[in-house]
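Residue numbers start from 1 in every chain, and the chains themselves are labelled A, B, ... in the order their sequence lines are given, proteins ahead of strands.
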Amino acid sequence: MPELPEIETIKRTLSPLICGRVIQRLEIRLAKILRSDPELFQKSLPGQKIKALSRRGKLLIIHLTQNALLFHFRMTGNLIYLVPSASEPRYTHLLFYLDQGIRLAYTDLRQFGWIELVKEEDLSHHRILAKLGPEPFELNEKEFFALLRTRNRGLKAFLLDQEMIAGLGNIYTDEALFRAGLHPKRKTSSLSFEEAGRLLRVIKEVLEEAIRERGSSVRNYVDGQGQRGNFQRQHLVYRKRGEPCPRCGQEIAYQKIAGRGTYFCPGCQK
DNA sequence: GACAACCTGACC
DNA sequence: GGTCAGGTTGTC
């Protein structure tokens, strides 16, 4: 489901609702989504206060008094805030009971996502976080150009690789490559400095616009309050197979590239 | 690089 | 029945 803009939206919607609240107890319904011992979850979480939420790439981090909870939503994971009267969503695998009758439900239709309990001081050298590439917004064009030149592979595969750049997934990769006029199979090391600069610029642009629109709801993504995003309305190529390209009118192509269904315009992406 | 695997569901 | 899905990982 979610890429950087969706995780950022979940973070922003949940933050004011749950910060300062205390976890009272939890109900684990599907233990396999936990990457740490379920006993440890049960033992250490009750009594801890939610201090802050943060995001790194596609990971959401809930900072508690002693620990941090690391969430990776993969395809269909989500975290939903429930007022006392709200009914429990489908596919709830973990339920946090907070004070005031508030609940927080981790839901995940496909069960690919996971949650890990980490000591706050271990976060900085966590095996996954430590390997993530830079946040797109923290990159400048010189650094990005240099990064592209460290590899010689297709742009699509490169941008999806979280160790190269963190947070892009299938939607925003296709949308950015279209805006940049670059073919998804174009080799990273063949880009000129100017092309690399343009690509980085549109990556930031598409992510910023998507955050402003609260993410893309293509199928089941909703934010922390259960609201759909709107950015799918601005998609120019994603899921537009056979439709005319908004720039040149040629049919949008669909091809499996880097293992993912990829949409692009053969006319204006070179 | 390609592909299967992890799951459940939507759509043709 | 088959195909596809906002992701990642392990295997040839």
Student: Taking atom types as modelled, is there a side-chain donor on A:Glu120 or A:His63 under 3.5 Å from an acceptor on the other?
Tutor: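 A:His63 and A:Glu120 do have a side-chain donor-acceptor pair below 3.5 Å.
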
Student: What's the gap between C:dG1 and B:dC6 when it is taken at their C1' atoms, as a whole Å value?
Tutor: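 Their C1' atoms lie roughly 23 Å apart.
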
Student: Suppose you measure atom P in C:dT8 against the same atom in B:dG9; what distance do you get, rounded to whole Å?
Tutor: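 The same atom, P, in both gives a distance of 23 Å.
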
Student: Whole-Å distance between C:dT8 C1' and A:Glu116 CD?
Tutor: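 Roughly 15 Å, once rounded to whole Å.
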
Student: Can you give the dot-bracket line for DNA chain C, using ( ) for pairs inside the strand, [ ] for pairs that cross earlier ones, | for pairs with another strand and . for unpaired bases, where Watson-Crick and G-U count if both distances are under 3.5 Å?
Tutor: |||||.||||||

Student: Ignoring hydrogens and geometry beyond distance, is a side-chain donor-acceptor pair present between A:Thr262 and A:Lys156 at under 3.5 Å?
Tutor: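 Note: A:Thr262 and A:Lys156 side chains meet the donor-acceptor criterion.
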
Student: Report the residue from A:Lys131, A:Arg153, A:Arg151 that forms a salt bridge (charged side-chain N to carboxylate O under 4.0 Å, His left out) with A:Asp161.
Tutor: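 It is A:Arg153, the one option of A:Lys131, A:Arg153, A:Arg151 that forms the salt bridge (charged side-chain N to carboxylate O under 4.0 Å, His left out) with A:Asp161.
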
Student: A:Phe112 stacking on B:dC6: centroids under 5.5 Å, ring planes under 30°?
Tutor: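 Here A:Phe112 meets both the 5.5 Å and the 30° conditions.
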
Student: Does a distance-only test, which skips hydrogens and angles, find a donor-acceptor pair under 3.5 Å between the side chain of A:Arg110 and the base of C:dA5?
Tutor: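 Indeed there is one.
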
Student: Please check the phosphate of B:dT8 (OP1 and OP2 only) for any side-chain N or O of A:Gln111 closer than 4.0 Å.
Tutor: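 Result: yes.
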
Student: For A:Arg90, answer base if it contacts any base atom (sugar-phosphate contacts may also be present), sugar-phosphate if it contacts only those atoms, and nothing otherwise; contact means non-hydrogen atoms under 4.0 Å.
Tutor: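 It contacts sugar-phosphate atoms only.
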
Student: Closer than 3.5 angstrom, by distance alone: can the side chain of A:Arg186 be matched with the main-chain N or O of A:Lys270 as a donor-acceptor pair?
Tutor: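 Flag set: sc A:Arg186 to bb A:Lys270 pair under 3.5 Å.
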
Student: Does A:Lys32 have a side-chain nitrogen or oxygen under 4.0 Å from the phosphate oxygens OP1 or OP2 of B:dC7?
Tutor: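 Checking A:Lys32 against B:dC7: at least one side-chain N or O falls below 4.0 Å of OP1 or OP2.
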
Student: Mind calculating the distance between CZ (A:Arg35) and P (C:dT9) to the nearest angstrom?
Tutor: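 Rounded to the whole Å, the gap is 7 Å.
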
Student: Identify whether A:Val218 and A:Val237 are in the same connected component of the hydrophobic contact network (ILVMFWY, side-chain heavy atoms under 4.5 Å).
Tutor: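 Yes, it is one cluster - the side chains of A:Val218 and A:Val237 are joined through contacts under 4.5 Å.
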
Student: When the distance from CD1 of A:Ile115 to C1' of C:dG7 is rounded to whole Å, what number comes out?
Tutor: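 Rounding to the nearest Å, CD1 of A:Ile115 and C1' of C:dG7 are 16 Å apart.
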
Student: Please state whether the phosphate of C:dT8, meaning OP1 or OP2, lies under 4.0 angstrom from any side-chain nitrogen or oxygen of A:His72.
Tutor: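 For C:dT8, OP1 or OP2 has a side-chain N or O of A:His72 closer than 4.0 Å.
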
Student: Taking the same atom, P, in C:dA5 and in B:dA2, what whole-Å distance lies between them?
Tutor: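 To the nearest whole Å, 16 Å.
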
Student: Say whether A:Gln100 and A:Arg21, considering side chains only, have a donor N or O and an acceptor N or O under 3.5 Å apart.
Tutor: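 Checked: A:Gln100/A:Arg21 side chains show no N/O donor-acceptor pair below 3.5 Å.
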
Student: Which of the following nucleotides, C:dG7, B:dG1, B:dT8, is nearest to the side chain of A:Arg260?
Tutor: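 The closest nucleotide is C:dG7.
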
Student: Under 4.0 Å: is that the gap between some side-chain N or O of A:Tyr91 and OP1 or OP2 of B:dC7?
Tutor: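 Result: no.
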
Student: Expressed as a whole number of angstroms, how long is the span from A:Gln255:CD to C:dT3:P?
Tutor: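 These atoms are roughly 18 Å apart.
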
Student: Name the one of A:Gln48, A:Glu116, A:Glu121 that satisfies side-chain hydrogen bond (donor to acceptor under 3.5 Å, both in side chains) with A:Asn67?
Tutor: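 Of all the options given, the one that passes is A:Gln48.
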
Student: Just call it for A:Tyr254: base, sugar-phosphate, or nothing, with non-hydrogen atoms closer than 4.0 Å on any strand.
Tutor: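 Sugar-phosphate only.
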
Student: 5'-most contact on DNA chain B: A:Arg219 or A:Ala157, nearest heavy atom basis?
Tutor: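 That would be A:Ala157.
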
Student: Let me know the distance between CD1 of A:Ile257 and P of B:dC3, rounded to the nearest Å.
Tutor: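 So the two atoms are 13 Å apart, to the nearest Å.
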
Student: Under 4.0 Å from OP1 or OP2 of C:dG7: is there any side-chain N or O of A:Lys58 that close?
Tutor: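 Yes, such a contact exists.
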
Student: Output the single nucleotide from B:dG1, C:dG7, C:dA5 whose closest atom is nearest the side chain of A:Tyr263.
Tutor: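 Output: C:dA5.
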
Student: Nearest whole angstrom, please: distance from the P of B:dC12 to the CZ of A:Arg239.
Tutor: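 Spelled out: CZ on A:Arg239 to P on B:dC12 is 10 Å.
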
Student: Between C:dT3 atom P and A:Lys256 atom NZ, what is the distance in whole Å?
Tutor: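 It is 10 Å, rounded to the nearest whole Å.
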
Student: Side chains of A:Tyr172 and A:Glu6: donor-acceptor distance under 3.5 Å anywhere?
Tutor: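 Looking only at side-chain atoms, A:Glu6 and A:Tyr172 do form a donor-acceptor pair, the distance falling under 3.5 Å.
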
Student: Less than 4.0 angstrom between a side-chain N/O of A:Gln162 and OP1 or OP2 of C:dG7, yes or no?
Tutor: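 No.
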
Student: Under the criterion side-chain hydrogen bond (donor to acceptor under 3.5 Å, both in side chains), which of A:Asp108, A:Asn220, A:Thr107 is the partner of A:Thr76?
Tutor: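 For A:Thr76, the side-chain hydrogen bond (donor to acceptor under 3.5 Å, both in side chains) check succeeds only for A:Asp108.
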
Student: A:Leu59 has an atom CG; how far is it from atom C1' of C:dT8, in whole Å?
Tutor: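 That distance rounds to 11 Å.
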
